[in-house]
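Residue numbering restarts at 1 for every chain, and letters A, B, ... go by the order of the sequence lines. Below, all heavy atoms of this structure are taken into account, side chains as well, without hydrogens, waters or symmetry copies. Treat the numbers as computed from the prediction; the structure is a model and nothing was measured.
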Protein chains: 2
Amino acid sequence: MSTPAFTRAEPDARRQSLIEACARVLAQVGAAGVSVRAIALEAGVSPGLVNHYFAGIDALVAATYGHVESQVSEAIGAALDAAGPRPRARLDAYVTASFAPPVASGELLATWIAFWSLARSRPEIARQHDEQYAQFRTALEALLAACGLAPAELRHAAIAITALVDGLWLELCLSPHAFSAAEACEIARAALDRLISTSRSTGSDSM
Amino acid sequence: MSTPAFTRAEPDARRQSLIEACARVLAQVGAAGVSVRAIALEAGVSPGLVNHYFAGIDALVAATYGHVESQVSEAIGAALDAAGPRPRARLDAYVTASFAPPVASGELLATWIAFWSLARSRPEIARQHDEQYAQFRTALEALLAACGLAPAELRHAAIAITALVDGLWLELCLSPHAFSAAEACEIARAALDRLISTSRSTGSDSM
DNA sequence: TCGCTTGTTGGACGATCGTATAACAAGTGT
DNA sequence: ACACTTGTTATACGATCGTCCAACAAGCGA
C-alpha cells in the first residue's frame, strides 16, 4: 500500500489533462472513434471522471476545440510578435505560421472536423464557432488596415484572405501529397501581394 | 395479402436509393448520428439490406461521397456550359455555381465533413479524395490556361483559386450569418480579377 | 491522530451499434 | 401451375456506447 491508488489533482489541471487527452484521441482515431472510455484511458483516469468534469462528451469536445483554437491563436500571435512591427512582415508571418506545425497538422484537423460535425447539429457550438471566427477576422482586418488598405475594402479582403489561407490549410492537412507547406506559403504570399495592393496598380508600397 | 410485403428493385436502383438515403441522414443528423438502421429507415427498407449491398457503413459513406461529388461536378459543369465559350465568363460561372444551391448547402457540407472524418483514418478513402481533388484541379488549370495564364503559373493559380473558393464555400455553409452568398460571389470575383491578371499589368487579354 | 469532505474509482445499466444468418416471398423461366 | 433463384425481411448476437451511482481513499482541518 505504499503507492497511492490515485492522486488528487487540482480541478483546473484535471480538466486541462482531460481536454488534452481528448485532443490526442481525436487525432488518433478521428471524430467517429472518440468516446468517454478512450479519453479516460488516454488520460490515465477512470471513465466516470469524464462525466464528473464535463456535462457530456459534446461539452468536452467543445472545450477541446476552444483549447486548440487558443493554441492556434497563441502560435500565430507569437509568430506575429516575432515578425516585428512592419505590417506586411506580420501578414507574411501569419501565413508562414498557418502552414507550419503546430497549426498545420493532421491531428489539429481531426479536432477541427469533429467540431464542425458538432456545430452542424448544436446551435450553441455553432455560435462558439461564429464568435471565434469573427474575432479572428476582426484582428486580421486591423492588420490589413495597418497595411494601408482602404476601410471600405477591409471586410471583403479579410474574408478573402481568411478563406484562402483556410482553404490551403485544409487541403494541406487533408492530403499532404498534393502540395507542400513551402508551396502553400509561396502561393499564399503571391496571392496576398495581389490582393492587398491598392486598386491603382502601384506596386511600390511594401518592398 | 393483396399488397406485397416488399418490392424487388433493380440492383443499381436500390444501391442508388440507399446512397441518397445516406446523404439525407448525413444532412439531418450529421456524421456522428449516421447508422445502418437510420439509413435503412430513411430508405424504407430493412436494416439488413444495407449490408447486402455495401461491405460496411464506411463503404456506403464513401459511395455517398462519390455520388455527391459527381452531383457537384455536374452542377458546376452545367453552369459552365450555360456560360458560353468565353473563358472568363466560365470562370465566373464556376464561382457563382459554387455559392448557390445545390453546391452551397449545409446538407452537402455534412456529407463532406463525414467523408473528411473517414479520410483521416482510412487510406483508401484518402486516396479517393486525392484523386477527385486532383481531377478537379486539372480541369481548373485548363480553364485558367484558356484565360491566358502562363503555363508556369497554372498550377499555383489553380491551387490558390480552389483554396479560395473552398474556403469561402466552407465558411458560407458552416455559418451563413457571417456573410451572404452574394457577398461570397463578389469577393471571389474581385479576387479572381487580381489573381489571374498577368504579372505585367496589362488588362486587355480576355475582355 | 481522527473524522470529514470530495475527488476518484470501477462496475452496472439500458440503449444502440454493426454484423451475421435463417426464414420468407417476389419474380421468372419452364 | 410449379419450382427455383435471390432480393428482402426480421431477428439474434456480441460489442460498445453514454450515463449513473455506491463505495473507496486521499488530503486536509480540527
Side-chain angles (χ1 to χ4, degrees), chain A residues 1-22 24-26 28-64 114-115 117-118 121-122 124-125, chain B residues 1-22 24-26 28-64 114-115 117-118 121-122 124-125:
Chain A
M1 308 298 184
S2 61
T3 61
F6 61 90
T7 58
R8 234 162 238 249
E10 289 281 326
D12 288 344
R14 185 68 83 183
R15 268 183 69 95
Q16 201 66 17
S17 77
L18 286 174
I19 286 175
E20 292 170 1
C22 179
R24 286 195 298 272
V25 170
L26 277 175
Q28 287 168 11
V29 300
V34 73
S35 70
V36 171
R37 285 172 177 81
I39 293 169
L41 180 65
E42 176 69 30
V45 297
S46 156
L49 201 59
V50 174
N51 271 305
H52 189 262
Y53 279 101
F54 296 93
I57 189 73
D58 292 355
L60 177 50
V61 172
T64 302
F115 191 77
S117 260
L118 261 67
S121 54
R122 308 273 300 234
E124 59 192 43
I125 293 185
Chain B
M1 308 297 183
S2 61
T3 61
F6 61 89
T7 59
R8 236 161 236 250
E10 289 281 325
D12 289 344
R14 186 67 84 182
R15 269 183 68 95
Q16 200 66 18
S17 76
L18 285 175
I19 286 175
E20 291 170 0
C22 179
R24 286 195 298 271
V25 171
L26 278 174
Q28 287 169 11
V29 299
V34 73
S35 69
V36 171
R37 286 172 176 82
I39 294 169
L41 180 65
E42 175 71 30
V45 298
S46 158
L49 201 60
V50 174
N51 271 306
H52 189 261
Y53 280 101
F54 296 92
I57 189 74
D58 291 355
L60 176 50
V61 172
T64 302
F115 191 77
S117 260
L118 263 65
S121 54
R122 309 273 299 233
E124 58 192 46
I125 293 185

Nearest whole angstrom, please: distance from the [atom2] of [N] to the [atom1] of [X].
X     : N      : atom1 : atom2 : result
A:L18 : C:dT9  : CG    : P     : 10 Å
B:H52 : C:dC24 : NE2   : P     : 18 Å
B:I57 : C:dT19 : CD1   : C1'   : 12 Å
A:N51 : D:dT19 : CG    : P     : 5 Å
A:L49 : C:dT9  : CG    : P     : 6 Å
B:I39 : C:dT16 : CD1   : P     : 17 Å
B:R15 : D:dG7  : CZ    : P     : 13 Å
B:R37 : C:dG18 : CZ    : C1'   : 7 Å

Do [X] and [Y] have side-chain heavy atoms sitting under 4.5 Å apart?
X     : Y     : result
A:I57 : A:I39 : yes
A:F54 : A:I19 : yes
A:V45 : A:L18 : yes

Please work out if [X] contacts a base, only the sugar-phosphate, or nothing of the nucleic acid, heavy-atom cut-off 4.0 Å.
X     : result
A:R14 : sugar-phosphate
B:F54 : nothing
A:V45 : sugar-phosphate

Counting side-chain heavy atoms from C-beta on, which of D:dT19, C:dG18, C:dT9 comes nearest to B:S35?
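When the side chain of B:S35 is considered, C:dG18 is the closest of D:dT19, C:dG18, C:dT9.
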Of the nucleotides C:dG10, D:dG7, C:dT19, which one has an atom closest to the side chain of B:V36?
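Per side-chain heavy atoms of B:V36, the pick is C:dT19.
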Spatial distance of atom CD1 (B:I125) from atom CG (B:D58) [nearest 0.5 Å]
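B:I125 CD1 to B:D58 CG: 5.5 Å, rounded to 0.5 Å.
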Closer to the 5' end of DNA chain C via nearest nucleotide, is it B:A55 or A:S46?
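Residue closer to the 5' terminus by nearest nucleotide: A:S46.
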Residue whose closest nucleotide on DNA chain D lies nearer the 5' end, A:G33 versus A:G48
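With A:G33 and A:G48 compared, the 5'-side residue is A:G33.
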On the nucleotide C:dT8, are OP1 or OP2 found under 4.0 Å from the side-chain N or O atoms that A:Y53 carries?
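For C:dT8, OP1 or OP2 has a side-chain N or O of A:Y53 closer than 4.0 Å.
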How close do B:A31 and B:L26 get, heavy atom to heavy atom, and via which atoms?
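Closest approach of B:A31 to B:L26, heavy atoms only: CA-CD2, 3.9 Å.
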